Amino acid sequence: MVPTSYYLILSAIIFVVGAVGVLGRRNALIIVMCVEMMLNSVNLTLIAFARQWDNLNGQVFVFLVMAVAAAEVAVGLAILIAHYHQSKSTNIDDVNVMKW
Amino acid sequence: MSFEMIFFILVGALSVGSAVGVVSSKVAVHSALFLLVHFATLAILYVTLNAQFLAAVQVIVYAGGIVILILFVIMLIGSAPLDTRAGYRSWVPYAGLGLGGALLAGIGWNVLRMPAVTLNPDANQGGVPVVLGLHLYSQNILLVELAAVLLLVALLGALLLARRPKAEEA
(Lines give C-alpha, C1' and ligand atoms only; values in the text may rest on other atoms or scores of the structure.)
Protein backbone atom coordinates (compact mmCIF):
# COMPACT_ATOMS: atom_id res chain seq x y z
CA MET A 1 0.00 0.00 0.00
CA VAL A 2 1.12 3.53 -0.75
CA PRO A 3 2.05 5.29 2.51
CA THR A 4 0.00 8.26 3.64
CA SER A 5 2.99 10.60 3.48
CA TYR A 6 3.15 10.22 -0.31
CA TYR A 7 -0.43 11.43 -0.60
CA LEU A 8 0.35 14.33 1.73
CA ILE A 9 3.33 15.39 -0.37
CA LEU A 10 1.26 15.17 -3.57
CA SER A 11 -1.50 17.19 -1.94
CA ALA A 12 1.02 19.83 -0.80
CA ILE A 13 2.40 20.11 -4.34
CA ILE A 14 -1.10 20.61 -5.78
CA PHE A 15 -1.92 23.16 -3.08
CA VAL A 16 1.24 25.13 -3.82
CA VAL A 17 0.57 25.07 -7.57
CA GLY A 18 -2.93 26.43 -6.87
CA ALA A 19 -1.60 29.10 -4.53
CA VAL A 20 0.96 30.24 -7.09
CA GLY A 21 -1.86 30.44 -9.64
CA VAL A 22 -3.99 32.58 -7.34
CA LEU A 23 -1.10 34.95 -6.71
CA GLY A 24 0.31 35.08 -10.21
CA ARG A 25 -2.57 34.96 -12.68
CA ARG A 26 -4.72 37.94 -13.59
CA ASN A 27 -7.71 36.25 -15.22
CA ALA A 28 -10.33 36.06 -12.48
CA LEU A 29 -11.80 32.84 -13.92
CA ILE A 30 -8.45 31.07 -13.66
CA ILE A 31 -8.13 32.31 -10.09
CA VAL A 32 -11.49 30.67 -9.29
CA MET A 33 -10.22 27.41 -10.82
CA CYS A 34 -7.02 27.59 -8.75
CA VAL A 35 -9.06 28.06 -5.58
CA GLU A 36 -11.02 24.93 -6.50
CA MET A 37 -7.73 23.06 -6.95
CA MET A 38 -6.56 24.13 -3.51
CA LEU A 39 -9.82 22.94 -1.93
CA ASN A 40 -9.42 19.62 -3.71
CA SER A 41 -5.88 19.13 -2.47
CA VAL A 42 -7.16 19.56 1.08
CA ASN A 43 -9.85 16.96 0.32
CA LEU A 44 -7.11 14.55 -0.72
CA THR A 45 -5.36 15.14 2.60
CA LEU A 46 -8.55 14.51 4.56
CA ILE A 47 -9.27 11.26 2.72
CA ALA A 48 -5.68 10.06 3.16
CA PHE A 49 -5.92 10.63 6.92
CA ALA A 50 -9.35 9.01 7.02
CA ARG A 51 -7.72 5.87 5.65
CA GLN A 52 -4.72 6.09 7.94
CA TRP A 53 -6.80 6.30 11.15
CA ASP A 54 -9.64 4.11 9.84
CA ASN A 55 -12.13 6.85 10.72
CA LEU A 56 -14.96 8.00 8.48
CA ASN A 57 -15.15 11.51 9.94
CA GLY A 58 -12.55 12.63 7.41
CA GLN A 59 -14.75 11.51 4.52
CA VAL A 60 -17.77 13.26 6.08
CA PHE A 61 -15.68 16.41 6.30
CA VAL A 62 -14.92 16.09 2.59
CA PHE A 63 -18.67 16.14 1.94
CA LEU A 64 -18.96 19.48 3.73
CA VAL A 65 -15.97 20.86 1.82
CA MET A 66 -17.59 19.82 -1.46
CA ALA A 67 -20.86 21.56 -0.50
CA VAL A 68 -18.94 24.71 0.45
CA ALA A 69 -16.92 24.53 -2.78
CA ALA A 70 -20.08 24.25 -4.88
CA ALA A 71 -21.61 27.23 -3.08
CA GLU A 72 -18.37 29.17 -3.38
CA VAL A 73 -17.99 28.63 -7.11
CA ALA A 74 -21.64 29.56 -7.76
CA VAL A 75 -21.42 32.81 -5.79
CA GLY A 76 -17.93 33.60 -7.09
CA LEU A 77 -18.95 33.21 -10.72
CA ALA A 78 -22.06 35.31 -10.06
CA ILE A 79 -19.85 38.07 -8.67
CA LEU A 80 -17.62 37.79 -11.76
CA ILE A 81 -20.63 38.12 -14.08
CA ALA A 82 -21.96 41.10 -12.11
CA HIS A 83 -18.56 42.74 -12.29
CA TYR A 84 -18.29 41.97 -16.00
CA HIS A 85 -21.62 43.73 -16.62
CA GLN A 86 -20.14 46.79 -15.03
CA SER A 87 -16.60 46.91 -16.36
CA LYS A 88 -16.48 44.48 -19.36
CA SER A 89 -13.29 42.92 -18.03
CA THR A 90 -12.19 39.70 -16.35
CA ASN A 91 -8.89 41.16 -15.22
CA ILE A 92 -8.55 40.91 -11.45
CA ASP A 93 -6.68 44.23 -11.40
CA ASP A 94 -9.86 45.98 -12.56
CA VAL A 95 -11.78 44.77 -9.52
CA ASN A 96 -11.32 47.85 -7.36
CA VAL A 97 -14.86 49.14 -6.82
CA MET A 98 -14.63 48.78 -3.06
CA LYS A 99 -11.08 50.08 -2.80
CA TRP A 100 -10.54 53.36 -0.95
CA MET B 1 8.54 -1.14 -6.50
CA SER B 2 5.06 -2.50 -6.26
CA PHE B 3 2.33 -2.08 -8.83
CA GLU B 4 0.39 0.19 -6.47
CA MET B 5 3.33 2.53 -6.14
CA ILE B 6 3.87 2.74 -9.91
CA PHE B 7 0.15 3.44 -10.38
CA PHE B 8 0.24 6.14 -7.71
CA ILE B 9 3.26 7.82 -9.28
CA LEU B 10 1.71 7.79 -12.75
CA VAL B 11 -1.63 9.19 -11.60
CA GLY B 12 0.05 11.69 -9.29
CA ALA B 13 2.30 12.94 -12.09
CA LEU B 14 -0.74 13.35 -14.34
CA SER B 15 -2.51 15.21 -11.55
CA VAL B 16 0.37 17.61 -10.92
CA GLY B 17 0.90 18.06 -14.66
CA SER B 18 -2.72 19.02 -15.24
CA ALA B 19 -2.59 21.35 -12.22
CA VAL B 20 0.40 23.11 -13.76
CA GLY B 21 -1.57 23.24 -17.01
CA VAL B 22 -4.46 25.02 -15.27
CA VAL B 23 -2.09 27.66 -13.92
CA SER B 24 0.02 28.14 -17.05
CA SER B 25 -2.56 28.08 -19.86
CA LYS B 26 -2.99 31.33 -21.73
CA VAL B 27 -6.61 30.59 -22.70
CA ALA B 28 -9.20 30.13 -19.97
CA VAL B 29 -10.95 27.28 -21.85
CA HIS B 30 -7.73 25.25 -21.85
CA SER B 31 -7.45 25.84 -18.13
CA ALA B 32 -10.97 24.52 -17.62
CA LEU B 33 -10.18 21.37 -19.63
CA PHE B 34 -6.98 20.81 -17.63
CA LEU B 35 -9.09 21.25 -14.51
CA LEU B 36 -11.37 18.45 -15.74
CA VAL B 37 -8.36 16.11 -16.11
CA HIS B 38 -7.16 17.15 -12.67
CA PHE B 39 -10.49 16.31 -11.02
CA ALA B 40 -10.62 12.95 -12.80
CA THR B 41 -7.15 11.98 -11.57
CA LEU B 42 -8.13 13.00 -8.04
CA ALA B 43 -11.17 10.71 -8.29
CA ILE B 44 -8.82 7.85 -9.23
CA LEU B 45 -6.67 8.64 -6.18
CA TYR B 46 -9.79 8.59 -3.96
CA VAL B 47 -10.52 5.05 -5.17
CA THR B 48 -7.00 3.98 -4.17
CA LEU B 49 -7.69 5.50 -0.72
CA ASN B 50 -10.81 3.36 -0.10
CA ALA B 51 -13.22 6.22 -0.75
CA GLN B 52 -15.20 4.85 -3.67
CA PHE B 53 -18.36 6.83 -2.98
CA LEU B 54 -16.46 10.09 -2.69
CA ALA B 55 -14.74 9.29 -5.98
CA ALA B 56 -18.16 9.05 -7.64
CA VAL B 57 -19.26 12.28 -5.96
CA GLN B 58 -16.04 13.94 -7.12
CA VAL B 59 -16.75 13.04 -10.74
CA ILE B 60 -20.41 14.06 -10.55
CA VAL B 61 -20.06 17.30 -8.57
CA TYR B 62 -16.71 18.60 -9.78
CA ALA B 63 -16.22 17.20 -13.25
CA GLY B 64 -19.93 17.19 -14.04
CA GLY B 65 -21.10 20.32 -12.27
CA ILE B 66 -18.44 22.83 -11.41
CA VAL B 67 -16.31 22.52 -14.57
CA ILE B 68 -19.42 22.82 -16.73
CA LEU B 69 -20.49 25.90 -14.77
CA ILE B 70 -17.05 27.45 -15.23
CA LEU B 71 -17.14 26.64 -18.96
CA PHE B 72 -20.58 28.27 -19.26
CA VAL B 73 -19.28 31.43 -17.61
CA ILE B 74 -16.21 31.45 -19.89
CA MET B 75 -18.53 31.25 -22.88
CA LEU B 76 -20.69 34.04 -21.43
CA ILE B 77 -18.06 36.62 -20.56
CA GLY B 78 -15.40 35.67 -23.05
CA SER B 79 -12.00 34.12 -22.59
CA ALA B 80 -9.75 36.49 -24.48
CA PRO B 81 -6.21 36.19 -23.15
CA LEU B 82 -5.30 39.17 -21.03
CA ASP B 83 -2.38 41.09 -22.46
CA THR B 84 -1.87 43.19 -19.37
CA ARG B 85 1.58 42.59 -18.02
CA ALA B 86 1.48 45.48 -15.61
CA GLY B 87 4.98 46.27 -14.48
CA TYR B 88 4.08 47.38 -11.01
CA ARG B 89 3.00 43.86 -10.09
CA SER B 90 5.66 41.88 -11.91
CA TRP B 91 7.20 40.71 -8.63
CA VAL B 92 4.03 38.97 -7.48
CA PRO B 93 4.55 35.65 -9.36
CA TYR B 94 8.07 35.37 -7.96
CA ALA B 95 6.80 36.15 -4.48
CA GLY B 96 4.16 33.44 -5.01
CA LEU B 97 6.79 30.93 -6.13
CA GLY B 98 9.00 31.79 -3.15
CA LEU B 99 6.16 31.47 -0.65
CA GLY B 100 5.02 28.25 -2.33
CA GLY B 101 8.53 26.79 -2.11
CA ALA B 102 8.71 27.70 1.57
CA LEU B 103 5.29 26.13 2.21
CA LEU B 104 6.22 22.97 0.33
CA ALA B 105 9.55 22.68 2.19
CA GLY B 106 7.80 23.08 5.54
CA ILE B 107 5.09 20.54 4.77
CA GLY B 108 7.59 18.10 3.28
CA TRP B 109 9.92 18.35 6.25
CA ASN B 110 7.09 17.66 8.69
CA VAL B 111 5.59 14.85 6.62
CA LEU B 112 8.90 13.08 6.23
CA ARG B 113 9.43 13.20 10.00
CA MET B 114 6.03 11.59 10.56
CA PRO B 115 6.23 8.17 12.25
CA ALA B 116 5.31 5.27 10.01
CA VAL B 117 1.87 3.81 10.69
CA THR B 118 0.80 0.33 9.71
CA LEU B 119 -2.14 0.72 7.39
CA ASN B 120 -5.23 -1.43 7.47
CA PRO B 121 -6.09 -2.48 3.89
CA ASP B 122 -9.78 -2.69 4.82
CA ALA B 123 -9.87 0.73 6.44
CA ASN B 124 -13.28 2.45 6.42
CA GLN B 125 -14.83 -0.74 5.06
CA GLY B 126 -14.12 0.47 1.59
CA GLY B 127 -15.99 3.76 1.99
CA VAL B 128 -18.99 2.17 0.34
CA PRO B 129 -22.22 4.21 0.25
CA VAL B 130 -23.97 2.12 2.93
CA VAL B 131 -21.27 2.62 5.55
CA LEU B 132 -20.73 6.26 4.73
CA GLY B 133 -24.46 6.99 4.57
CA LEU B 134 -25.08 5.44 7.97
CA HIS B 135 -22.26 7.49 9.45
CA LEU B 136 -23.46 10.68 7.73
CA TYR B 137 -27.15 10.43 8.57
CA SER B 138 -26.82 9.16 12.12
CA GLN B 139 -23.98 11.05 13.78
CA ASN B 140 -23.67 14.02 11.44
CA ILE B 141 -27.28 14.87 10.59
CA LEU B 142 -26.81 18.50 11.68
CA LEU B 143 -24.02 18.82 9.16
CA VAL B 144 -26.31 17.67 6.34
CA GLU B 145 -28.95 20.21 7.31
CA LEU B 146 -26.41 23.02 7.57
CA ALA B 147 -25.10 22.09 4.11
CA ALA B 148 -28.67 22.24 2.78
CA VAL B 149 -29.17 25.75 4.21
CA LEU B 150 -25.78 26.82 2.85
CA LEU B 151 -26.61 25.61 -0.65
CA LEU B 152 -30.02 27.34 -0.55
CA VAL B 153 -28.45 30.65 0.53
CA ALA B 154 -25.76 30.29 -2.15
CA LEU B 155 -28.44 29.65 -4.78
CA LEU B 156 -30.38 32.77 -3.79
CA GLY B 157 -27.18 34.81 -3.57
CA ALA B 158 -26.02 33.72 -7.01
CA LEU B 159 -29.44 34.55 -8.47
CA LEU B 160 -29.40 37.99 -6.89
CA LEU B 161 -25.80 38.79 -7.84
CA ALA B 162 -25.89 37.64 -11.45
CA ARG B 163 -29.11 39.51 -12.19
CA ARG B 164 -28.74 41.94 -15.05
CA PRO B 165 -28.54 45.52 -13.77
CA LYS B 166 -31.56 47.78 -14.34
CA ALA B 167 -33.76 44.77 -15.02
CA GLU B 168 -36.67 46.58 -13.36
CA GLU B 169 -36.62 49.46 -15.83
CA ALA B 170 -36.45 47.32 -18.96
Side-chain angles (χ1 to χ4, degrees), chain A residues 1-10 12-21 23-27 29-30 32-34 36-37 40 43-44 47-48 50-52 54-56 59-60 62-64 66-75 77-82 84-86 90-91 93, chain B residues 4-5 8 12 15-16 19-20 22-23 28 31-32 35 38 42 45-46 49-51 54 57 61 65-66 69-70 73-74 76-77 82 84 86 92-93 95-97 100 103-104 107-108 111-112 114 117 119-121 123-124 127 132 135-136 140 143 147 150-151 154 157-158 161-162 164-165:
Chain A
M1 301 199 35
V2 183
T4 308
S5 55
Y6 285 51
Y7 286 98
L8 298 185
I9 295 281
L10 174 67
I13 292 172
I14 295 171
F15 188 90
V16 166
V17 170
V20 169
L23 286 173
R25 292 305 303 257
R26 292 206 172 68
N27 192 333
L29 284 162
I30 293 178
V32 169
M33 292 184 219
C34 290
E36 290 299 308
M37 259 179 6
N40 264 284
N43 282 354
L44 185 63
I47 294 180
R51 183 192 65 161
Q52 172 164 347
D54 196 1
N55 189 334
L56 277 175
Q59 298 197 8
V60 170
V62 172
F63 266 112
L64 188 66
M66 281 182 177
V68 171
E72 172 251 326
V73 76
V75 174
L77 291 176
I79 290 174
L80 283 188
I81 289 181
Y84 184 78
H85 282 155
Q86 193 195 25
T90 56
N91 191 335
D93 288 341
Chain B
E4 281 175 334
M5 190 62 87
F8 171 78
S15 182
V16 172
V20 171
V22 172
V23 174
S31 278
L35 194 67
H38 180 72
L42 279 186
L45 289 175
Y46 290 176
L49 282 170
N50 284 348
L54 281 177
V57 171
V61 172
I66 288 179
L69 190 61
I70 289 175
V73 172
I74 291 172
L76 265 179
I77 68 181
L82 300 173
T84 50
V92 166
L97 278 176
L103 179 64
L104 196 58
I107 293 174
V111 162
L112 292 177
M114 216 167 60
V117 177
L119 293 174
N120 174 15
N124 295 333
L132 196 56
H135 196 76
L136 192 61
N140 297 293
L143 192 86
L150 173 75
L151 288 173
L161 282 170
R164 204 165 255 289

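Remember, predicted model here, so these are calculated numbers, not experimental data.
Side-chain contact between B:V22 and A:E36 is absent, with no heavy-atom pair separated by less than 4.5 Å. A heavy-atom distance below 4.5 Å is found between the side chains of B:I77 and A:L29. B:L103 places a side-chain heavy atom less than 4.5 Å from the side chain of A:F15. For the pair B:M5 and A:P3, the minimum side-chain heavy-atom distance is below 4.5 Å.
Shortest non-hydrogen contact noted between B:A28 and A:N27 is CB-ND2, 3.9 Å. The shortest heavy-atom contact between B:L151 and A:A70 is CD2-CB, 4.5 Å. Closest of all the heavy-atom pairs between B:L161 and A:A78 is CB-CB, 3.8 Å. Nearest heavy-atom pair, B:S15 versus A:I14, reported as atom, atom and distance to 0.1 Å: OG-CD1, 3.5 Å. Of all the heavy atoms in A:C34 and B:V23, the pair that sits closest is SG-CG2, 3.9 Å. Nearest heavy-atom pair, A:V60 versus B:L136, reported as atom, atom and distance to 0.1 Å: CG1-CD1, 3.6 Å.
For B:L35, the part sitting under 4.5 Å from any heavy atom of chain A is the side chain, from C-beta outward, and nothing else. Neither the backbone nor the side chain of A:A19 has a heavy atom closer than 4.5 Å to any heavy atom of chain B. Both the backbone and the side chain of A:I13 come within contact range of chain B, each with at least one heavy atom under 4.5 Å from a heavy atom of that chain.
No other option in A:T4, A:L80, A:N40 has as many heavy-atom pairs under 4.5 Å with chain B as A:N40. Ranking A:V2, A:L64, A:V62 against chain B, the residue ahead of the rest is A:V2, based on heavy-atom pairs under 4.5 Å. The candidate with the highest count of non-hydrogen atom pairs below 4.5 Å against chain A, out of B:V61, B:N140, B:L76, is B:N140. When the candidates B:I107, B:V16, B:I70 are compared by the number of heavy-atom contacts under 4.5 Å with chain A, B:I70 comes out ahead.
The side-chain contact (heavy atoms from CB on, under 4.5 Å) test with A:I47 is passed by exactly one of B:N50, B:L49, B:L42: B:L49.
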**OP:** Let me see the working for B:L132 and A:F63 under side-chain contact (heavy atoms from CB on, under 4.5 Å), right down to the final yes or no.
**Re:** CA-CA 10 Å; B:L132 196 56; A:F63 266 112; 3.4 Å; yes

Original post:
Taking it one step at a time, do B:I74 and A:M33 satisfy side-chain contact (heavy atoms from CB on, under 4.5 Å)?
Top reply: CA-CA 12 Å; B:I74 291 172; A:M33 292 184 219; 3.9 Å; yes

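Shown here is A:Y6, whose OH atom has no more than 12 heavy atoms of other residues, nucleotides or ligands within 6.0 Å.
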